[in-house]
Amino acid sequence: MHEQTETQCYPITVLPHTTTLFRDYTDARGANDTAALRRWYPADPFTMDWAKRSPVLEAGHRERLADALKAQAEGFGAGPAALAHIERLRHGAAAVVTGQQVGLFGGPLLTLLKAATAVRKAQDATRESGREHVPVFWLATEDHDLAEVDQVSLLTKTSVETLKLGLHAPKPLPVGGMVLGDDAAVLERVSELLGWAPICDVLRECYAPNATLAKGFGKLLTRVFAQQGLIVMDAASREFHALGVSVLRYAVEHAEALETALLARSKELEAAEYHAQVLVVAGHSLLFLIDEETGARLPLRRGDGDEWKAGPQSYSTVELLKMLDTEPERLSPNALLRPVFQDCILPTAAYIGGPAEIAYFAQSAVVYQQALERVTPVLPRLSATLIEPAIATVMQQHEVDLTQVYETKTAEGLAQRLGARAMPIEGKRKLAAVGNAMDAELAALTEYMSAMSADLGRSAGVSASKMRYQMDRLRRMAATFEVQKQAHLLKHATAITLNLFPEEHPQERLLAGVWFLARYGETLPGLLVEHAGQECAGHRIIHL
């Protein structure tokens, strides 16, 4: 076990750009409609009750699943722990599942946070329920948003550097099969930014010339969580689609009923003052079709009567059902059907999701109810900001915490705050005395003039606002002077903001996980697993 590092727990509301639905989900007691939330999310995310109701798949399905996973795991270079977990699945273990797009070089830190949470929850569920639970990471290789995955963000001393391979697809192809090519320059620059740490050799091995995005990502994640036995799964092949074919068939045969249920759920969400995360449009289905000639992933739309269209091609329902019998991999689920498809294939006890995925589940629940007759519990992933010792020292020196970084947003804004704190005490007292006296006099004057006339009161209020603005401007000028006089203030503010809130994004959503693996190596995955328990329902600060 690792020595426990110092942590702090903030409410999830500190994170910028978090939806109301996700905030209420993490604290149902404060929600505007607790009953509705529990209807959309049947499991309490902060108890272990879900672990006692894990589904069991029939023996033949388990055998085919384990065989397919084993063949894939060997291709990813899996070690003994992952192979042992696959055998446990074969013999009736349940799965704790998470997943992510196959971002270049492993994608942002949140990839590691998801994997660590799945590992931890599987360990906890095994202990609490007495039934084996194993962690599975589902690679979202069938998505076709290439621009989103063909990038990785790392730090220089003063900025974020986003590197791209410049992959190009003339059509919306599934990203997992995209071949990387032999672009050594990007990997060389990544290695330079990572200080030629041992993880760079791992990247070169995983992202060798002519590897695919899926293969590189799968090999990397398998290697990083080898000790924890994480099973990494790419379900795009015929073997896995055949295991989930009943859900794909249901989506074809009951498309209209599913559409009706989803439109009704969207109205429920809006009535509760939330908003639907996925737009449901009449006539659209929950499926994409992989074009036989081009390999493009095309939305499958329902037409009049028995007709379906994907691009320029038309299909009948009978033709689609025959396709499922012979080429099930040609039908691909959309964001709302994907988790249901996943949980038809796997004995999923719980899914570990980020804020957007958890919001999707409020809609997906109706698809679960109809297609699987059960709703998989969804649990929040570990949400965390990792603070390195040098950054922690600077923050402590200036008495800065994460909320202040989010409030000021930019290095310049934070430097202003540091400059105001660094002013001589005499200057602070004078500014405070003048500001307080002015506020008191302006309040009294505005009240007096309002009693004389409403128009005079409004004019006084406007004038008072202008005077307060000028007073604030004077404070800012004094703080700016201090920043200019003490050059280290801007330098420190830049370092703090760059590491904790790069380009006004929470660290976990932008900075690459390999950035931290380069610094903390093989100890980092285990450390994240230790911190992925459920005692903190919000956002963790982990001092490394």
Sub-4.5 Å side-chain heavy-atom contact between T141 and P174: no
Of N499, I542, I541, the residue whose pairing with L386 passes side chain to side chain contact (heavy atoms under 4.5 Å, CB included): I542
Residues 96-106, side-chain donor-acceptor partners within the protein, below 3.5 Å, at least two apart:
unit_1 : atom_1 : unit_2 : atom_2 : d
T98    : OG1    : I352   : O      : 2.8
Q100   : OE1    : K114   : NZ     : 2.7

Intermediate values then yes/no, side chain to side chain contact (heavy atoms under 4.5 Å, CB included), F288 and H144: CA-CA 11 Å; F288 289 84; H144 55 262; 3.5 Å; yes
Check: Q277 side chain, A356 main-chain N or O, donor-acceptor pair, under 3.5 Å: no
Donor + acceptor pair across side chains of D343, Y351 (<3.5 Å): no
Heavy-atom side-chain proximity of F137 to T111 below 4.5 angstrom: yes
Check: R62 side chain, V56 main-chain N or O, donor-acceptor pair, under 3.5 Å: no
Check: S191 and L203 side chains under 4.5 Å, non-hydrogen atoms: no
Backbone of S54 reached by a side-chain donor or acceptor of R131 within 3.5 Å: yes
Close side-chain approach of L498 and V160, heavy atoms under 4.5 Å: yes
Shortest non-hydrogen contact from L300 toward A310: CD1-CB, 3.8 Å
Any donor-acceptor N/O pair, R519 side chain to W515 backbone, under 3.5 Å: yes
Neighbour count >12 (heavy atoms, 6.0 Å) for atom CD, E373: no
Separation of I345 CD1 from E239 CD (nearest 0.5 Å): 11.0 Å
Worked verdict on F240 versus W138 for side chain to side chain contact (heavy atoms under 4.5 Å, CB included): CA-CA 12 Å; F240 289 112; W138 178 288; over 6 Å; no
Salt-bridge criterion met for R223 and E205 (N-O under 4.0 Å): yes
T13 side chain reached by T18 side chain, heavy atoms, under 4.5 Å: no
Close side-chain approach of L517 to V202, heavy-atom, < 4.5 Å: no
Polar side-chain atom of R265 near backbone of A362 as donor-acceptor pair, under 3.5 Å: yes
Any donor-acceptor pair under 3.5 Å from R540 side chain to H531 backbone: yes
Interatomic distance, K52 atom NZ to T47 atom OG1 [nearest 0.5 angstrom]: 8.0 Å
Verdict with supporting geometry, D124 and R127, salt bridge (charged side-chain N to carboxylate O under 4.0 Å, His left out): CA-CA 5 Å; D124 292 347; R127 185 181 63 253; 3.2 Å; yes
Side-chain (E388) to main-chain (I391) donor-acceptor, under 3.5 angstrom: no
H241 (side chain) donor-acceptor with P328 (main chain) under 3.5 angstrom: yes
Within-4.5 Å side-chain heavy-atom neighbours: V186 and Y207: no
Stepwise side chain to side chain donor-acceptor pair (under 3.5 Å) check, R23 with T20: CA-CA 5 Å; R23 290 200 304 267; T20 304; 3.2 Å; yes
Point-to-point distance, once rounded to the nearest 0.5 Å, from CG of L262 to CD of E268: 11.0 Å
Donor-acceptor contact below 3.5 Å, side chain D401 vs main chain T403: yes
Distance-only polar pair, side chains of R120 and T117, donor-acceptor under 3.5 Å: no
Candidate pair V149 and D143, rule side chain to side chain contact (heavy atoms under 4.5 Å, CB included), full reasoning: CA-CA 10 Å; V149 298; D143 291 352; over 6 Å; no
Minimum heavy-atom distance Y368-P339, with the two atoms named: OH-O, 3.1 Å
Neighbour count >12 (heavy atoms, 6.0 Å) for atom CD, E128: yes
Any Y406 side-chain heavy atom under 4.5 Å of L500 side chain: no
E357 (side chain) donor-acceptor with G354 (main chain) under 3.5 angstrom: yes
Nearest heavy atoms of P502 and L510, plus distance in Å: O-CD2, 3.4 Å
Trace of the side chain to side chain contact (heavy atoms under 4.5 Å, CB included) decision for D150 with M178: CA-CA 10 Å; D150 181 23; M178 294 295 296; over 6 Å; no
H543 and Q8 side chains, donor-acceptor separation under 3.5 Å: yes
Gap separating the CD atom of E329 from the CD1 atom of I290, nearest 0.5 angstrom: 9.0 Å
Criterion side chain to side chain contact (heavy atoms under 4.5 Å, CB included) against L139, the qualifying member of D234, V175, L213: D234
Pair Q342-R338, side-chain donor/acceptor within less than 3.5 Å: yes
